[in-house]
Amino acid sequence: MGRHGWNSGARRWRLTALLGVGVAALALVVTLLNTLPGGGASTAGTTRDGDKVHGTPVTPPETPQPEVGWGFTHTQYSADQGSDTATRRVEGLLQKQSLPQIQHIMGWGAGNPEPSKGRYDFSEMDRRIDFMRKSGGTPVVTLCCSPDWMKGGKAGADNTNWSQAALETAPDRAHYADFAALAATVAKRYPDVRHFIVWNEFKGFWNDGKARWDYEGYTELYNLVYKALKKVNKDIQVGGPYLVMDSVDPRQTENASTTLKGTWGAMDQRVLDAFDYWNKNKVGADFVVVDGSSYTKDDDLLPNEFAATDKFTAVSRWVREQTHGLPLWWAEYYVEPADGNDERTGWSEARRVAVQAAGLIAMARGGATSGFYWNPEKEKGTDCAGCLWTPTDRAGGGAALPMLDLVSRFSRAFAPGSTYATVSVAPDDVSNVRVLATDKAVLVVNTLNRSINAQVDGKRFDMLAYEVKWGGPRAPGNPGGGGPPPPAPPGSVNVGKRV
């Protein structure tokens with residue numbers, strides 16, 4: 001999608017300057033010992049026992065559920081590295097929240113897990129898993145990306161190509177089984193990880209000749225991985241296809257869906273075709289995964305940044321309908337277009353949090369029960385727009401930021417299994433607020449860049465510009481409703497109606 005950083009954060013395979021003839025000679029000997037016969041590929045830092053259980057696994061639930069709730073994804077820089085004081089601070093913050101956390105097996109903070117066939121290096125992945133274990137929450141692993149030798153590159157610990165194009169290349173079909181075997185190795189190494197997502201955004205699965213997604217290739221890979229994981233442990237929960245739910249301008253006709261559309265745009269029909277093929281030809285799935293933005297492929301927020309989030313509701317309902325109610329995850333969701341450097345710094349934090357809250361509400365309205373914020377933590381400094389916490393490079397880092405408060409509160413208030421409720425809203429406030437409620441909590445978002453006085457759920461209160469306000473328990477007498485809520489009566493709103 002080009003809307004988030006891809007970099008691995010893995011160690012750079014560099015040798016320091018050698019001092020003295022003796023040291024140089026020793027280094028040469030080590031290099032020779034760590035070279036595979038005939039292939040010339042270095043195995044330095046790798047082992048053969050990649051499936052050996054790492055560390056001390058936590059005890060997972062006896063019967064893992066496919067729904068994990070609302071959390072975040074670790075990216076290139078995260079709180080597993082930096083000042084010990086700062087990393088412990090983040091661990092403490094997350095221990096209180098129990099947020100589910102995603103980590104990829106290669107890239108986004110993890111090194112090449114299998115530089116040569118049968119030779120493994122999980123050092124960075126181990127560190128991320130250790131952090132997730134310490135900080136609590138459900139660990140989730142995204143099985144992407146693949147080692148170079150599986151996609152036409154060179155094998156060897158010193159040959160990993162970290163360019164974006166190389167990283168986002170899919171495995172060759174001849175190596176699909178090798179990738180499935182790597183997935184099984186990961187599952188054995190981290191037996192407390194019971195939730196796996198297969199690949200990321202169909203990366204490398206575009207068919208130039210047919211000008212469409214290679215959904216046949218992805219589905220073949222998915223099915224092999226699914227079966228390999230279930231062979232390791234039948235209780236492992238597996239999901240896909242992690243398609244980017246792209247949309248186009250509502251006036252566009254080329255590649256535009258004629259059925260799934262709204263004021264926010266029209267879905268790219270090629271995406272829907274790819275989803276349909278996977279859905280009909282998968283060997284199984286415990287949950288379904290998508291990602292996407294509220295804005296169009298041209299970065300248009302239609303008709304505005306808050307109304308554009310209605311796309312999340314429409315897409316969620318469509319996916320749930322196609323899969324006959326499989327639990328729905330949004331592995332990534334974006335409400336603020338990025339600039340040329342993939343940065344999102346144009347909005348104030350108050351506006352950003354408000355639109356993010358509206359996006360979460362929209363996903364929940366559509367039936368999603370899990371969603372993951374793509375955490376853009378910076379390596380260092382103090383300024384970090386949209387981050388969950390401040391950078392952990394210094395002892396004072398790791399402090400909670402507004403987005404962490406939003407994600408953690410939403411996770412607690414609207415966990416899987418929540419029963420949503422009808423909420424009354426004054427008629428003149430309906431167009432100004434977004435609301436989501438259960439019998440125990442109410443979330444209200446002011447969509448205006450000015451203060452308002454709103455009446456929601458029988459209570460009147462002031463709201464600052466773009467304020468996100470939490471309340472609860474709800475006023476007595478307002479009925480709740482399970483599943484998709486019934487149509488709201490005049491003068492009220494619910495999760496099935498945009499407000």
Side-chain angles (χ1 to χ4, degrees), residues 1-5 67-75 99-102 104 108 140 142 197 200-202 239-247 260 262 264-265 267-268 271 275 287-297 299-302 304-320 327-338 342 344 347 351-377 385-388 402-411 414 416 434 436 443 445 468 495 498:
M1 290 169 66
R3 57 167 65 96
H4 53 68
E67 300 164 310
V68 296
W70 309 87
F72 68 93
T73 296
H74 290 280
T75 51
L99 297 175
Q101 305 172 38
I102 290 179
H104 290 63
W108 299 281
V140 179
T142 295
I197 300 173
N200 173 305
E201 297 186 333
F202 263 50
Y242 204 152
L243 267 165
V244 184
M245 306 305 283
D246 278 330
S247 56
L260 185 49
W264 44 266
M267 282 297 300
D268 188 322
V271 174
F275 186 94
F287 54 92
V288 60
V289 186
V290 297
D291 90 339
S293 62
S294 58
Y295 43 87
T296 69
K297 293 175 70 174
D299 289 347
D300 291 326
L301 290 162
L302 303 173
N304 58 61
E305 68 268 39
F306 286 96
T309 63
D310 290 344
K311 172 184 172 179
F312 293 137
T313 302
V315 171
S316 295
R317 288 176 175 165
W318 181 86
V319 170
R320 294 267 293 164
L328 170 60
W329 295 21
W330 282 84
E332 303 172 40
Y333 51 92
Y334 302 90
V335 299
E336 179 183 3
D342 203 33
R344 294 171 175 81
W347 290 358
R351 181 183 181 189
R352 179 176 297 110
V353 171
V355 185
Q356 287 282 350
L360 287 167
I361 290 172
M363 286 183 277
R365 284 176 177 165
T369 51
S370 300
F372 293 84
Y373 183 67
W374 191 272
N375 180 29
E377 185 184 339
C387 293
L388 299 177
M403 276 304 306
L404 179 60
D405 180 68
L406 172 64
V407 173
S408 58
R409 283 196 176 196
F410 198 92
S411 180
F414 307 115
R434 294 282 175 123
L436 187 65
L443 169 60
V445 180
V468 174
V495 294
R498 182 176 71 81

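- Inspection of the Tyr242 and Asn200 side chains reveals an N or O donor paired with an N or O acceptor under 3.5 Å.
- The OG1 atom of Thr75 lies 10.0 Å from the NE2 atom of His104; values are rounded to the nearest 0.5 Å.
- Annotation: side chain of Pro337 is in contact with side chain of Leu301 (closest heavy-atom distance under 4.5 Å).
- Side-chain atoms of Val244 and Val271, non-hydrogen and from C-beta on, never get closer than 4.5 Å to each other.
- Side-chain contact between Ile361 and Val445 is present, with at least one heavy-atom pair separated by less than 4.5 Å.
- Between Ser316 and Met363, the closest heavy-atom pair is OG-O, 4.0 Å.
- With a 4.5 Å cut-off on side-chain heavy atoms, Trp329 and Ile197 count as touching.
- Trp347 has its side chain within reach of Val355: a pair of non-hydrogen atoms, C-beta onward, lies under 4.5 Å apart.
- Taking CD from Glu332 and CG from Asp291, the interatomic distance works out to 4.5 Å, rounded to the nearest 0.5 Å.
- Between the CG atom of Leu388 and the CG atom of Leu404 there is a distance of 5.5 Å, given to the nearest 0.5 Å.
- Here the side chains of Asp268 and Lys297 are in contact, with some heavy-atom distance below 4.5 Å.
- In this structure, NE2 on His74 lies 11.5 Å from CH2 on Trp374, to the nearest 0.5 angstrom.
- In this structure, Val288 and Pro241 have side chains that are in contact, with non-hydrogen atoms separated by less than 4.5 Å.
- Taken to the nearest 0.5 Å, the CH2 atom of Trp108 stands 9.0 Å off from the OG1 atom of Thr142.
- Glu336 contributes atom CD, which lies 8.0 Å from atom CD of Gln356 (distance to the nearest 0.5 angstrom).
- Side-chain contact annotation: Ser247 with Lys311, donor-acceptor N/O pair under 3.5 Å present.
- For the ring pair (Phe, Tyr, Trp, His ring centres under 6.0 Å) criterion with Trp330, the lone passing option out of Trp70, Phe312, Phe287 is Phe312.
- Using a 4.5 Å heavy-atom threshold, the side chains of Glu201 and Leu243 count as separate.
- Annotation: Trp264 is not in aromatic contact with Tyr295 [ring centroid separation under 6.0 Å not met].
- Between Asp310 and Arg434 there is a salt bridge, since at least one side-chain N of the basic residue sits less than 4.0 Å from a carboxylate O of the acidic one.
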